[in-house]
Each structure stands twice: as C-alpha cells, then as structure tokens.
Amino acid sequence: MDELAFIDRSGSNAEKYFLRKKLFGTNDVQPMWVADMDIATPRCVLDAVRERLNHPAIGYEIMSGRAYEGQIGWIQRHHEWRIQREWLSYSPSVVASIGCVIRAFSDEGDEVIVMSPVYPPFFIQVKENNRHLKLHALRQNSEGEYYFDIETLRSQITPKTKILLLCSPHNPVGRVWLRDELLSLGTLCLEHGITIVSDEIHCDLVYEGYTHIPIASLSDELSECTVTFLGTGKTFNMAGFGISTVCIASAHLRTLYERERSRIHWGEGAVLSHVAFECAYRHGEPWYKKLMVHLEVNRDTLIQWAKRERIIKVNPPQGTYLAWLDCRAFGLGDRELREFFIHEAGLGLSAGLGFGREGSGFMRLNFAVSTVILEDALDRISTALRGRGYD
Ligand SMILES: Cc1ncc(COP(=O)(O)O)c(C=O)c1O
C-alpha cells in the first residue's frame, strides 16, 4: 500500500532549505515557505520511474496518449469536466505557461487583470512581458473571507484589457471560488472579450465541504474563452519533474498559443516525467486520499491553534496547503514582522508583502509537513508571542 512518508529534506538541494541563508539571512529556521511538501512522492510513481530506467535509451520522447488519458480521466472523476485530448499540451512549468499565454493573447501595452494578493509570478510575468498590470484588490468580508467585487472589476475594464489571470483555488488566501462567483466573473469576461487564464494547479487540494469548479466547465462559451493550467506538481508533490499541461478548447486560441509555444521550443518534455505523470494520475488515488486526510488534520490543528492565540487570525483555507496568517493586530511593520518570525520564532515563512500590497501584515505558512513539525512550529510562534508579552 502506498503510505504517506514524511521526509527530512535538510541537507538536500531542496529549495526551501538550500535558499534559507539567502532569503532569511540564516540557516537556523524551519523552512515553511515554498509550495512543495515534505512528503515523499507516491511510491508507485517512483517505482514506475525506476522501471522505466530498465530501458537504457533516454532519448526524445513524446507524451503518450495514455498519459494524457490518465489526466483526462482524473479531471473527469474529480472535477466533472470532460476534456478532449486535442485541448491538452505539455508544458514544463505553469509559470512558463503564464508568460507564454500572455504573449500569445495580448500585445505589449495591453492590460492584464490580476487579483491581489496572489502568487508573485502572476505580477512578474505580466510586467516582464511589458503588459500593463491592472490590479484588483481582493476584499475581506466580516468573517475574513476574501472575495472579488464584480462591479469594481467591471469599472476597471478598458478596451485594452485582454486577459484576466485567475488563481483557482487561490494562493495565498485559500479560497475555492463558488459557482456563482465564477459565473459572474465569466459573464463579465465574455461581455468584454477578455480571455480567462485560469491557474488550477491547486485544484485537487480542496477540503471537505468545498468543491473546485473548473471555470471552463461552466458553459461552452466559457470553455471557448478560457485557458486552464493543470498538472501533477502540487497534488503528488512532483514539482521537480517539471511537467504540467495547458488546456485550450478554442481552436483559435490554440493556434495563437501554439505559435508562441513553438517560438520558445520547449518541446515535449523529459521521458521520466511522462512516466511519473501517467502513473500519478492512473495509480495515485489511494495515496492522494491519505494526503487529503493528513492535510485536513494539519489544517484543523492550525485553525484550533489560531483560535487559542487570537492575536494571529487564520481564515480556514478552503483549498491549498497554505495558511494565510493575518498578523495585523500585532501592529508590526512588514520588516519587523518578518524578523519576528525569523529570529524570535525560528521560522522561514513567506512574507505577505511579496504577494502584493494587500499582503501587508500577513505571512504565508506552508503546512504540508508532518503534524509533529507543524505543532512544533506553532509552539515556536506561541513561545515567541509570550516573549513579547502576549498571553
Ligand atoms: C498558483 C501557482 N501556480 C503555479 C505554481 C508553480 O508552478 P510551476 O512549478 O509548474 O511553474 C505555483 C507554485 O507554488 C502556484 O502556487
């Protein structure tokens, strides 16, 4: 049986450890920043890769129909969305795909809407491709839950607005968007001829009581104006395989995208990644179920802790293994807040400001670790808070 295995990745080249000195000025922090897990990739995936190595030729290979069918079956079973084989193509990275679609579907000087706070490469890809960043500040209701305001969004649209970048589920705020929210967003984009670029890489990491809905699955019209990014990277902790897919139903958008994609020549990817991708989608289900049970335990541990601490608020993540800690009541500036977590709590978290101005006063904590490590991290924060005189 494929069990969850928690891994101590210190001493390896794992980014979260390797970059500690550079990012936090010290190696003496428990790293809980970059979005991967301290959990071994499913054993069936590793076995399939080992098995492939029995064939000694590692040349150029294309991703097999079986691999794509594996993903199609998974998405159908988990998200009730029937994808056609020809809609899908390989990409080495979701972030690279974001840049590629921005160039494919807009011109320099055009506007791209991004909802802030959000995963920082959203901003970076827009700016580095010389497009104009149109920021939409997410709001919080009285419960602290984030939402976008459709009328404000409408007022932000101009004839130069060509793309809306959607993060669904949303990193870092953990929202799983509701059908009505997605429909209102989709309708607005259809009215204005805006292409929806939906990053759904966290789509499988959704908790009890919430359902991820692919925006492209809502109607034929929305399917025709949406590009969706999908993959095994987050779900099966396979980011290091460098494989994902871009899903485009519209033949017209596909032609534009293929033109840009062939300019970059990222080809069909690495054979070991193809094998891993296929195996994860076809045989990874039992492991994935255990993963979700574990992540839910950690999420609840964190929420209970935040209720006790009170000074740090955490709106329960509906999806993702990322907690968005609201530390504003603490009254520290962003630099001091970061220093507090590094030097007083001994933790390497992502500073909220990196996710946009709206992230000021927040920190993002990755809880895809063992419960023991998570509890230790929370204890460290509690002790540091006591050190500051908070009871
Ligand atoms: C929303 C989102 N998109 C994309 C990525 C990265 O994807 P990739 O490694 O395939 O570029 C991440 C990683 O944290 C993410 O959170």
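Remember, it's 1-based here, ligands and their atoms both numbered in the order they're listed. All residue numbers in this chain count up from 1 along the given sequence.
- At a heavy-atom cutoff of 4.0 Å, ligand 1 is contacted by both the backbone and the side chain of Val95.
- The nearest heavy-atom contact from the protein to atom 13 (C) of ligand 1 is Lys234 NZ, 2.7 Å.
- In this model, no donor atom of one side chain and acceptor atom of the other lie less than 3.5 Å apart for Thr301 and Glu375.
- Of the N or O atoms in Ala96, none lie within a sub-3.5 Å distance of an N or O in ligand 1.
- Using a 4.0 angstrom heavy-atom cutoff, Ala239 does not count as in contact with ligand 1.
- Of the candidates His202, Met238, Glu200, it is His202 that places a heavy atom closest to atom 15 (C) of ligand 1.
- Residue-level proximity to ligand 1 for Ser93 is carried by backbone and side chain together, each with a heavy atom below 4.0 angstrom.
- Some N or O of Val94 is nearer than 3.5 Å to an N or O of ligand 1, by distance alone.
- Side chain of Trp266 to main chain of Tyr90: a donor-acceptor pair is present (N/O by atom type, distance under 3.5 Å, no hydrogens or angles).
- Between the side chains of Tyr281 and Gln71, a donor-acceptor pair is found at a separation under 3.5 Å.
- Heavy-atom contacts of Asn171 reach the following atoms of ligand 1: 15 (C), 16 (O) (cutoff under 4.0 Å).
- A salt bridge links Asp38 and Lys16; the closest N-O separation between the charged side-chain nitrogens and carboxylate oxygens is under 4.0 Å.
- Protein heavy atom in closest approach to atom 1 (C) of ligand 1: Asp199 OD2, 3.3 Å.
- Side-chain contact, Ser10 with Asp8: a donor N or O sits under 3.5 Å from an acceptor N or O.
- There is no protein heavy atom less than 4.0 angstrom from atom 9 (O) of ligand 1.
- A donor and an acceptor atom, one from each side chain of Asp149 and His136, are nowhere located under 3.5 Å apart.
- Ligand-side atoms of ligand 1 in range of Ala35: 14 (O), range being under 4.0 angstrom from any heavy atom.
- A cation-pi geometry, defined here as NZ or CZ lying under 6.0 Å from the six-membered ring centre and within 45° of its normal, does not hold between Arg9 and Tyr17.
- Nearest protein heavy-atom contact of atom 6 (C) of ligand 1 is Tyr119 OH, 3.2 Å.
- Between Arg380 and Glu344 there is no salt bridge, since no side-chain nitrogen of the basic residue lies less than 4.0 Å from a carboxylate oxygen of the acidic one.
- A donor and an acceptor atom, one from each side chain of Trp305 and Asp379, are nowhere located under 3.5 Å apart.
- Near Cys167, the atoms of ligand 1 lying under 4.0 angstrom from a non-hydrogen atom of the residue are 1 (C).
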